[in-house]
*Asks:* 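Quick one: structure below, then a few questions.
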Amino acid sequence: MESLQELRLKLDEVDSQIVRLYEERMNICERVGEYKIQAGRKVLDRQREKEKLQAVAEKATSPFNKKGIQELYEQLMSMSRKLQYQKLVEAGALGRLPFIGIDTLDAGMARIVFQGTEGAYGQAAMKAYFGEDINSYHVRTFRDAMEAIEEGAADFAVLPIENSSAGAVNEVYDLLVEFENYIVGETIIPITHTLAGLKESSLSDIEKVYSKAEALMQTSHFLGEHGDWQQISVANTAIAAKKILEEQDKTQAAVCSAYAAEVYGLKVLREGINDEKNNSTRFIIVTNQKVFLKGASKISICFELPHESGSLYHLLSHFIYNDLNMTRIESRPVEGRSWEYRFFIDFEGNLEDAAVKNAIRGLREESRGLKILGNY
């Protein structure tokens with residue numbers, strides 16, 4: 001019987017041949033890419049790849065090896081495509097992506113819209129990003145805000161996209177697909193809930209507490225200590241604060257931000273009542289122009305996938321091959337198509353980077369309906 005060392009030496013010999021043949025294959029693939037550039041042909045030829053996978057699998061001698069050969073050649077063809085996309089970028093065949101780099105966002109004369117009402121966290125996020133001296137107004141729903149910028153009634157919208165404890169704001173993700181609006185900035189603000197009431201109120205007076213349903217859940221430990229308080233859900237925390245001011249009932253209080261309490265002249269009865277002390281929300285700045293700040297370092301995209309085994313794996317390999325750091329992935333069901341999903345991905349980079357152009361070229365050819373949601 002051969003020793004383990006002898007078997008390993010034989011494997012080393014075979015591996016050396018595999019490396020030599022791999023490099024020879026990639027050299028030929030490079031020439032294929034050059035031909036496709038000259039002929040104006042697409043890199044991905046699904047029918048050719050399907051036929052190739054079937055042909056090489058038939059040369060294997062066992063079911064196990066057939067499966068293994070197919071998996072190996074899927075990887076080989078994936079590497080070939082990536083090399084060809086790279087050659088396209090180097091040859092300038094990709095061209096410019098349809099976004100214009102700008103030095104600054106012109107917010108001086110801009111009109112900015114946020115969802116909610118005066119005192120909402122959205123207003124606080126807007127002021128954190130744009131400052132105090134701005135022309136702004138509020139609307140009732142996220143859709144209203146997206147329609148406002150699409151129609152030109154506003155230049156920018158401020159919308160929540162993700163909460164550190166509650167996760168993604170799914171409606172906003174869906175609206176980014178539906179509307180031709182684009183992310184140009186983001187800001188993260190801490191979500192610190194307070195209990196606020198009238199100036200003459202004290203904790204012992206409170207009988208009813210109003211707030212957004214999520215805020216009531218996020219303060220359940222504190223509210224649970226006061227089991228006799230009736231908890232009533234309203235549209236958002238700022239509306240709760242406004243209700244306390246308008247009704248002038250000292251037995252009522254609102255779970256809201258200190259900012260909302262200040263806006264409506266309420267007294268903070270208890271600060272920092274969140275269950276999760278590090279709660280924060282990421283807000284995005286959206287416009288209807290395909291622009292990005294030249295120093296932008298994060299890109300958001302979305303796409304659908306062919307309903308095939310391994311399709312997500314192959315798409316994500318474009319980030320690995322181009323040394324791009326993916327920071328977030330979310331999925332949402334595609335409306336009207338059962339069990340099919342749209343993926344939302346954030347990754348580090350700028351639309352002017354060659355690696356980003358290379359990755360997007362590959363993603364566009366191998367996915368369905370790729371949309372660049374913004375560079376910010």
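FYI, the numbering just counts along the sequence from 1. Predicted model only: the values in this text are computed from it and were never measured.
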*Asks:* Tell me if the CZ atom of Arg8 is crowded by more than 12 foreign heavy atoms within 6.0 Å.
*Replies:*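 Counting other residues, nucleotides and ligands, CZ of Arg8 stays at 12 neighbours or fewer.
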*Asks:* Are the side chains of Tyr264 and Lys243 in touch, meaning some heavy atoms are under 4.5 Å apart?
*Replies:*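 In short, these two side chains do not touch, never coming nearer than 4.5 Å.
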*Asks:* A quick test of your reading: do over 12 heavy atoms of other residues, nucleotides or ligands sit less than 6.0 Å from CZ of Arg25?
*Replies:*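 Yes, because the 6.0 Å sphere around CZ of Arg25 holds more than 12 heavy atoms from other groups.
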*Asks:* Got a donor-acceptor contact below 3.5 angstrom from the Asn350 side chain to the Ala296 backbone?
*Replies:*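 Between the backbone of Ala296 and the side chain of Asn350 there is a qualifying donor-acceptor contact (under 3.5 Å).
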*Asks:* Distance to the ring centre below 6.0 angstrom and angle to the axis at most 45 degrees; does that hold for Lys127 and Phe114?
*Replies:*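 Because its charged atom misses either the 6.0 Å distance or the 45° angle limit, Lys127 does not stack over Phe114.
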*Asks:* Does Ser201 offer a backbone N or O that forms a donor-acceptor pair with the side chain of Lys267 under 3.5 Å?
*Replies:*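 Checked: pair present.
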*Asks:* Compute the centroid of each ring, for Tyr182 and then for Tyr376, and state whether the two points are separated by less than 6.0 Å.
*Replies:*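 No, the ring of Tyr182 stays outside the 6.0 Å limit from the ring of Tyr376, centre to centre.
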*Asks:* Looking at Asp275 and His221, would you say the former's side chain and the latter's main chain have a donor-acceptor pair under 3.5 Å?
*Replies:*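 Yes, because the side chain of Asp275 sits within donor-acceptor range (under 3.5 Å) of the backbone of His221.
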*Asks:* Determine whether Phe130 and Phe156 satisfy the following criterion, ring-ring contact (aromatic ring centres under 6.0 Å, His included), listing intermediate values before the conclusion.
*Replies:* CA-CA 10 Å; Phe130 290 104; Phe156 301 102; 5.5 Å; yes
*Asks:* Please determine whether the number of non-hydrogen atoms from other residues, nucleotides or ligands lying under 6.0 Å from atom OH of Tyr137 exceeds 12.
*Replies:*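 Yes, OH of Tyr137 has more than 12 neighbouring heavy atoms, counting only those of other groups under 6.0 Å.
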*Asks:* Compare all side-chain heavy atoms of Gln252 with those of Asp249 and state whether any distance is below 4.5 angstrom.
*Replies:*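 Sidechains of Asp249 and Gln252: in contact.
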*Asks:* Within a reach of under 6.0 Å around CD of Glu262, are more than 12 heavy atoms found that belong to other residues, nucleotides or ligands?
*Replies:*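 Check fails, neighbour count at 12 or below.
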*Asks:* Decide yes or no for Gln123 and His138: does some side-chain heavy atom of the first lie under 4.5 Å from some side-chain heavy atom of the second?
*Replies:*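 No; the side chains remain at least 4.5 Å from each other.
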*Asks:* Between His318 and Tyr85, what is the ring plane arrangement, given parallel below 30°, perpendicular above 60°, and tilted in between?
*Replies:*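 Tilted.
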